[in-house]
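So that the names make sense, note that chain A is the first sequence line, chain B the second, and so on, each numbered from 1.
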Protein chains: 2
Amino acid sequence: MSQTMKDKILQAAEDRVRGAGFAEMSFRDLAKDVGIKSASVHYHFPTKPDLGEALVQRYAEQFEVHLEKIDQDDLQKALDGFVALYSQALVLNESICLCAVMGAEAIGLPENVNQRTKAFFAMNKTWLEHLFTRHGIEDAGDKAGLVVAALEGGMIVASASNDRTLFDRVARTAMASITI
Amino acid sequence: MSQTMKDKILQAAEDRVRGAGFAEMSFRDLAKDVGIKSASVHYHFPTKPDLGEALVQRYAEQFEVHLEKIDQDDLQKALDGFVALYSQALVLNESICLCAVMGAEAIGLPENVNQRTKAFFAMNKTWLEHLFTRHGIEDAGDKAGLVVAALEGGMIVASASNDRTLFDRVARTAMASITI
DNA sequence: TCATATCTACCTATCAGTAGGTAGACAACC
DNA sequence: GGTTGTCTACCTACTGATAGGTAGATATGA
């Protein structure tokens, strides 16, 4: 299962954006990462917005696969799996959720990129909402929105503070406020 | 009360960072904004990290003043005031909280800037924690952390989705999970 | 089957524009 | 006369993007 050059570029781009932001990522950096010239990166992704859109789309698709895997009837196990997905996205001094970065930069980003980011958040919220509804939890939609916001925000606070326990506490407290 | 040039630069920088990110803000942009040359901006802030640090410090100081103003014994009124502070920081297609941006970009930012961002989050959490403790709310620290994360995250989700009601719902749901 | 044509995936070279930063001149003010 | 604040003029490094070209795979048609 060999990776195509397009995939290699997207992977390099994801690493860089999740580490330093979309504005900080350049075609030349990506070219060096994958071993081609920057002009060749433009062959695969004509413009930076094109690359950004493909990037978020791929990230969301991969995330969706994971969501399907952890989808199960046991509420506690499903929630644990959900938190674990976010927890894995947070590596101190290395990366946070791609869409936390894209969301924070949203105002200065191309509209096509923002649409994909918006869709990512909506997908996460919907997944949780369905889970909550199945278990008869009231205000499922609002509570789903709270959990997504808390986890994304918790990731940012933890990353800036260089303290992973801050994320863990936020996640635990958010879950407690739902399942009680 | 005329503004000093230093303050004018910081204000322009804040507007730009909150709109498009720290990486996207340039000395030339700021120079145009305040009507001087970029070399003169370097006179006030020798390097970009210097500017970034002063920026977050000023933002935190101003926020602290606001926190002192809304500090009162009525729990609901204090919480409403807190949420209002965050709500005011969110202007669709224009700005979000400075520290949400700085936090999201943290991995690629200078350490002195991150220290200030970390202090901002800590200050917010501490303010809430004291409020909760005064009202005998259990797990005051964890709940304070949840609220800060939820509001910062809610701002990001709402900004990327270009939908202010997403923030309002997150804020309301977070508050409900505390005061019940 | 061989020649022609097209496509893929790169390359080199270059562009105009912008980045952060510096040196040194100059004027205003205490 | 020194300090403060701003200027002009410049530097090197890098940005996204484009032009034009090429080797090799693949498809088309006589």
Side-chain angles (χ1 to χ4, degrees), chain A residues 1-56 58 101-102 105-114 116, chain B residues 1-56 58 101-102 105-114 116:
Chain A
M1 189 117 76
S2 73
Q3 240 186 343
T4 65
M5 184 53 77
K6 211 162 181 170
D7 270 329
K8 278 202 233 173
I9 293 168
L10 285 173
Q11 187 57 53
E14 185 181 318
D15 293 345
R16 289 200 173 263
V17 173
R18 290 176 63 184
F22 188 71
E24 283 283 75
M25 175 216 72
S26 76
F27 277 60
R28 277 169 183 73
D29 289 336
L30 300 183
K32 274 180 197 158
D33 290 342
V34 303
I36 59 174
K37 299 294 168 180
S38 75
S40 305
V41 180
H42 279 283
Y43 168 78
H44 295 283
F45 304 97
T47 69
K48 210 177 175 186
D50 290 334
L51 206 174
E53 183 177 347
L55 194 55
V56 182
R58 191 185 84 129
V101 179
M102 293 298 203
E105 286 187 78
I107 298 170
L109 253 38
E111 191 48 35
N112 59 334
V113 178
N114 286 342
R116 298 283 177 184
Chain B
M1 188 117 75
S2 71
Q3 242 185 344
T4 65
M5 183 54 76
K6 210 162 182 169
D7 270 330
K8 278 201 232 174
I9 293 168
L10 285 173
Q11 187 57 53
E14 186 182 316
D15 293 345
R16 289 198 172 265
V17 173
R18 290 176 62 185
F22 187 71
E24 284 281 74
M25 174 217 72
S26 76
F27 277 60
R28 279 171 179 74
D29 289 336
L30 300 183
K32 275 179 197 159
D33 289 342
V34 303
I36 59 175
K37 299 294 170 182
S38 75
S40 306
V41 179
H42 279 285
Y43 169 77
H44 294 283
F45 303 98
T47 70
K48 208 177 176 186
D50 290 334
L51 206 175
E53 183 176 348
L55 194 54
V56 182
R58 191 185 84 129
V101 179
M102 293 300 204
E105 286 187 78
I107 298 170
L109 254 38
E111 191 48 35
N112 59 334
V113 178
N114 286 341
R116 298 285 178 183

Quick note, B:R28 side chain, CB onward, closest among D:dT8, C:dC10, C:dA19 is C:dA19
Against the side chain of A:I36, the closest entry in D:dC7, C:dC10, D:dA17 is C:dC10
Run the numbers on B:V113 and B:E105 for side chain to side chain contact (heavy atoms under 4.5 Å, CB included), then give the verdict. CA-CA 10 Å; B:V113 178; B:E105 286 187 78; over 6 Å; no
B:H42 atom NE2 is separated from D:dA9 atom P, nearest whole Å, by 18 Å
message = Would you say A:S26 places a side-chain N or O within less than 4.0 Å of OP1 or OP2 belonging to D:dT15?
response = yes
- Steps toward side chain to side chain contact (heavy atoms under 4.5 Å, CB included) verdict (B:M102, B:L55): CA-CA 10 Å; B:M102 293 300 204; B:L55 194 54; 4.2 Å; yes
**Request:** In sequence, state the C-alpha distance, the side-chain angles, and the governing distance for A:R58 and A:D7, and then conclude on side chain to side chain contact (heavy atoms under 4.5 Å, CB included).
**Result:** CA-CA 9 Å; A:R58 191 185 84 129; A:D7 270 329; 4.0 Å; yes
Whole-Å distance, A:Y43 OH to C:dT12 P, equals 17 Å
In whole angstroms, the gap separating P of C:dC11 from NZ of A:K37 amounts to 7 Å
Between B:P49 and A:S40, whichever has its closest DNA chain C nucleotide further toward 5' is A:S40
note: B:D29, atom CG; D:dT15, atom C1'; distance rounded to Å ~ 14 Å
Between NZ of A:K8 and P of C:dA9 the distance, given in whole Å, is 13 Å
Rounded to whole Å, the NZ-P distance (A:K48 to D:dC14) equals 15 Å
When rounded to whole Å, the CG to C1' distance for the pair A:L51 and D:dT15 reads 15 Å
**Request:** Classify the side-chain pair B:Q11/B:D15 by whether it contains a donor and acceptor separated by less than 3.5 Å.
**Result:** yes
Comparing nearest nucleotides in DNA chain D, the 5'-proximal residue of the pair A:A39, A:E24 is A:E24
Closest to the side chain of A:T47, out of C:dG20, D:dA17, D:dC7, is D:dA17
Quiz prompt | Aromatic A:Y43 / basic A:K37 pairing, under 6.0 angstrom, 45° off normal | solution = no
From CZ of A:R16 across to P of D:dT15 the rounded distance in Å is 9 Å
